[in-house]
Peer 1: 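Attaching a single structure in structure tokens format; questions to follow.
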Number of protein chains: 2
Amino acid sequence: MKKKRITLKDLATEVGVSISTVSRALKDHPDIDKTLTKKIQALAQQKNYIPNPLAMGLLRQQTRVIGVIVPDLTTHFYSSIITGIEDELRLAGYYIVISSSKERVEKEIESVQNLLNLRIDGLIVCIAQDSESTEHFEKVLDHEVPLVFFDRVCLERKVSSVVVDNVAMARDLTAHLIDNGARRLVHITGPSHLNIVHERAEGYQKALQQTTVGPISSQIIHTDLSTESAAKALRQLLTAEPRPDAILGVNDTVIFAIMDEIKSHGLSIPKDILLAGFSDEFHARVIEPKLTSVAHPTHEIGRSAAQLILEQIEEGQAIHKKIVLNTALHIRASSTRQNS
Amino acid sequence: MKKKRITLKDLATEVGVSISTVSRALKDHPDIDKTLTKKIQALAQQKNYIPNPLAMGLLRQQTRVIGVIVPDLTTHFYSSIITGIEDELRLAGYYIVISSSKERVEKEIESVQNLLNLRIDGLIVCIAQDSESTEHFEKVLDHEVPLVFFDRVCLERKVSSVVVDNVAMARDLTAHLIDNGARRLVHITGPSHLNIVHERAEGYQKALQQTTVGPISSQIIHTDLSTESAAKALRQLLTAEPRPDAILGVNDTVIFAIMDEIKSHGLSIPKDILLAGFSDEFHARVIEPKLTSVAHPTHEIGRSAAQLILEQIEEGQAIHKKIVLNTALHIRASSTRQNS
DNA sequence: ATGAAAGCGCTAACAT
DNA sequence: ATGTTAGCGCTTTCAT
């Protein structure tokens, strides 16, 4: 029942010329009479003519829609990155269709398929935590649809990506904890097939190897990145003896669970346990005590991912590169021991 | 450069029949020979044929895309609602294109226009805080594109909406503060043209009028909903005498600013100042002390908005209704005075 | 039971 | 300088 939008044909009949003349006039084709051109443009303006993107899309086989798949839209980290993507793509006249995988491969696979069916012009993804197989992304490549990963990546040899230096970040963060007196460290993290997980674990261990103080006990606990799973791990840690005196959390979910659990055990941060992690800047400053964490340039990550997609669309599939963005270590109350 | 997707024509030539036969076979048209139908369907399946949505869209003049405009994508409240919208629309085979107005009308107007140009089949909006004029939404109505507002609404007589009972919520919250000993209340809120603002203020005042205890001093401060503006208001309140002993915040942004400011003045919540607000469930439980707040059924709000849009699309423009969803008051540490 | 043709809105190669 | 035509992928009416 939609009110019909004005078309080229409408303009053509109104002016009394052919459709192609109108089409040309609207794009200032040199062949068309200047006066006619002016007249047609004025009419188009007045009638508020907007080319039908469906028709254009059909003709050019492109939708100007970029798909974006994230593990969870409600996580500030991701929504912030999406804002960056949107800001950049809007300028280029692209739209984004967002889909949340809810950290599950099945949903991710489904989303990829849906988006492919929609005929997106490109796809930007942060893979779900249990996404071990990569078939569905190979399919994207098969269809020659530009693909870019960010933060959590895979198929690195074939796909462009935007990441941060996880190893260095984890190393610095761990070294900082040690400097602040940590001697019984625990790193609570996720499933090790994720690049962010094993890279951060690598940095964590690197710091342990490089330190000259000692002795230091250390442990890495892999969870499924759910609050429950992290809380459970914490409960076990806190009842065992000796209790850890510093915890490195791999992301916000884990950090929240850790904090809650520590507090409900009547322990204090940082007095009893130092805490630091890879957390969103926003949450790091909202929670109490404020969290020592690594600041990800979320908006920038989004913009870079968008730029990579645009590059691929414009220059054809060929290129693929990896952008490594800088992070900043923010030392806050959660990891600085008053009495040391 | 995209690898060509398989089309009806491809299937037709391969089977040696006409395009229309293939088209019919694929939708089990009774006229087509059963064996032929089977054969064609099998081939389509094997070749992984997916109808081109662009072609279908052009034909039917619909995109199966719903636009969603929110004041800020990175706010948990909105991203959570969007997740609800997505969950519901996905089932119906619709996609959503999200746009963030960043609380500014100009961006909102631009987004509306962009989305309209994209030929969306419907639009779901939570208006920006400085959105006083409604012309751009009238335009949506002019184009007979289904429109639904949620949370912050306008044009109520003409447009469907999903809201909560702000008056009752604010009244209950305020009454609760008074019950817990509040005698010098302040309500920090936003610009009063927003329905959520004046409705909540109304509830706040209703509670004050209905209370039998007294005397109670009260104040309403309008900010522009930015952290800075709220923080500034707080600073003035805290240095003046007598200091308020209870604050009702209108949303998360304001709550965060309030908390920070109170803490940095060396005051304690709830000992010195009671705090309650309309905050996202998620943040209410993450911050310290945990915040007494009204729980919005965010996912449900999203789903309802999506359902309203679908209804309008299916049944034509005519209908418009208002869905009022239930909220729940969660009493937590921030508003319960230990010594009372 | 199947095919041919028109049309959705637009562009571009090919007339004139 | 302007018009005609074909075609992007699909559905549907109208032949046959």
Side-chain angles (χ1 to χ4, degrees), chain A residues 1-41 43-44 47-65 93 116-121 143, chain B residues 1-41 43-44 47-65 93 116-121 143:
Chain A
M1 303 310 94
K2 228 157 284 174
K3 187 193 268 181
K4 225 175 108 336
R5 291 290 216 123
I6 191 107
T7 70
L8 280 192
K9 196 204 260 178
D10 299 330
L11 297 178
T13 31
E14 178 130 356
V15 183
V17 294
S18 80
I19 296 181
S20 29
T21 303
V22 176
S23 173
R24 289 185 184 110
L26 257 21
K27 23 183 76 59
D28 280 314
H29 192 108
D31 282 356
I32 305 295
D33 181 273
K34 302 303 165 214
T35 334
L36 219 203
T37 299
K38 283 251 176 320
K39 182 174 166 192
I40 291 176
Q41 289 183 351
L43 183 70
K47 293 264 183 186
N48 196 17
Y49 167 78
I50 304 284
N52 186 324
L54 254 16
M56 294 293 289
L58 186 55
L59 206 57
R60 307 217 185 291
Q61 295 292 45
Q62 47 126 346
T63 50
R64 297 197 84 78
V65 168
L116 241 27
N117 294 350
L118 219 205
R119 311 302 209 254
I120 46 171
D121 288 348
H143 282 287
Chain B
M1 304 304 93
K2 225 156 286 173
K3 187 191 270 182
K4 226 175 106 340
R5 291 292 216 120
I6 192 107
T7 71
L8 281 190
K9 197 205 260 178
D10 299 332
L11 297 177
T13 31
E14 178 129 357
V15 184
V17 294
S18 80
I19 296 180
S20 25
T21 302
V22 177
S23 173
R24 290 184 182 112
L26 256 22
K27 25 185 74 59
D28 279 315
H29 192 107
D31 281 357
I32 304 295
D33 182 276
K34 302 302 165 216
T35 336
L36 219 204
T37 299
K38 283 250 176 321
K39 182 173 167 192
I40 292 176
Q41 289 183 350
L43 184 69
K47 292 265 183 186
N48 197 15
Y49 167 77
I50 305 283
N52 186 324
L54 255 15
M56 294 294 289
L58 185 55
L59 207 56
R60 306 218 185 290
Q61 294 292 45
Q62 47 125 16
T63 50
R64 297 197 85 78
V65 168
L116 242 26
N117 294 350
L118 219 204
R119 310 299 208 259
I120 46 170
D121 289 347
H143 282 288

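Naming: A, B, ... by sequence-line order, numbering from 1 per chain. Hydrogens, waters and symmetry mates play no part in the numbers below; they use all other heavy atoms, side chains included.
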Peer 1: Could you state the CZ-P distance from R60(A) to dC10(C), rounded to the nearest angstrom?
Peer 2: 12 Å
Peer 1: Would you check if the side chain of R24(A) reaches a backbone N or O of V22(A) as a donor-acceptor pair within less than 3.5 Å?
Peer 2: no
Peer 1: Tell me whether the OP1 or OP2 atom of dG9(C) has a side-chain N or O from Q61(B) closer than 4.0 Å.
Peer 2: yes
Peer 1: Would you say the base of dT13(D) and the side-chain of R24(B) have a donor-acceptor pair closer than 3.5 Å?
Peer 2: yes
Peer 1: By the 4.0 Å heavy-atom rule, please label T7(A) as base, sugar-phosphate, or nothing.
Peer 2: sugar-phosphate
Peer 1: Using atom CG of L54(B) as one end and atom C1' of dC10(C) as the other, report the distance to the nearest whole Å.
Peer 2: 12 Å
Peer 1: To the nearest Å, how far apart are K9(A) NZ and dT11(C) C1'?
Peer 2: 16 Å
Peer 1: So, do D10(A) and K47(A) sit near enough that their side-chain heavy atoms are less than 4.5 Å apart?
Peer 2: no
Peer 1: Write down the distance between NE2 (H29(A)) and C1' (dC10(C)), rounded to a whole number of angstrom.
Peer 2: 16 Å
Peer 1: Determine yes or no for a side-chain-to-main-chain donor-acceptor pair under 3.5 angstrom, with R64(A) supplying the side chain and G93(A) the backbone.
Peer 2: yes
Peer 1: Search all heavy atoms of N52(A) against all heavy atoms of R119(B) and return the closest pair with its distance.
Peer 2: CA-NH2, 3.7 Å
Peer 1: In terms of side-chain heavy atoms of A55(A), which of dC10(D), dC8(D), dC10(C) is nearest?
Peer 2: dC10(C)
Peer 1: Quick one: N52(B) CG to dC10(C) P, roughly how many Å, whole number?
Peer 2: 17 Å
Peer 1: Can you find a pair of side-chain heavy atoms, one from R5(B) and one from L116(A), that are under 4.5 Å apart?
Peer 2: yes
Peer 1: Of all the choices, dT11(C), dT2(C), dC8(D), which nucleotide is nearest to the side chain of T21(B) once you look at every atom?
Peer 2: dT2(C)
Peer 1: Which part of the nucleic acid does D33(A) contact within heavy-atom distance under 4.0 Å: base, sugar-phosphate only, or nothing?
Peer 2: sugar-phosphate
Peer 1: What is the nucleic acid contact for L36(B), judged by heavy atoms within less than 4.0 Å: base, sugar-phosphate only, or nothing?
Peer 2: sugar-phosphate
Peer 1: Do the non-hydrogen side-chain atoms of V15(B) and L36(B) ever get within less than 4.5 Å of each other?
Peer 2: yes
Peer 1: Compare side-chain N and O positions of S23(A) against OP1 and OP2 of dT11(C) and report whether any pair is under 4.0 Å apart.
Peer 2: yes
Peer 1: Quick one: the side chain of S20(B) and the base of dA4(C), do they pair up donor-acceptor inside 3.5 Å?
Peer 2: yes
Peer 1: Could you check whether K27(A) gets within reach of a base, just the sugar-phosphate, or nothing at all, counting any heavy atom under 4.0 Å?
Peer 2: sugar-phosphate
Peer 1: Would you kindly give the CG-to-P distance between D28(B) and dT2(C), to the nearest whole Å?
Peer 2: 14 Å
Peer 1: Whole Å only: how far is the CG atom of L8(A) from the C1' atom of dT11(C)?
Peer 2: 9 Å
Peer 1: When you match M56(A) and G16(B) each to their closest nucleotide on DNA chain C, which lands nearer the 5' end?
Peer 2: G16(B)
Peer 1: Quick one: L11(A) CG to dT11(C) P, roughly how many Å, whole number?
Peer 2: 11 Å
Peer 1: Output the single nucleotide from dA4(C), dT11(C), dC8(D) whose closest atom is nearest the side chain of S18(B).
Peer 2: dA4(C)
Peer 1: Classify D31(A) by what it touches in the nucleic acid, base, sugar-phosphate, or nothing, heavy-atom distance under 4.0 Å.
Peer 2: base
Peer 1: Reckon R119(A) has a side-chain N or O less than 4.0 Å from the OP1 or OP2 of dC8(D)?
Peer 2: no
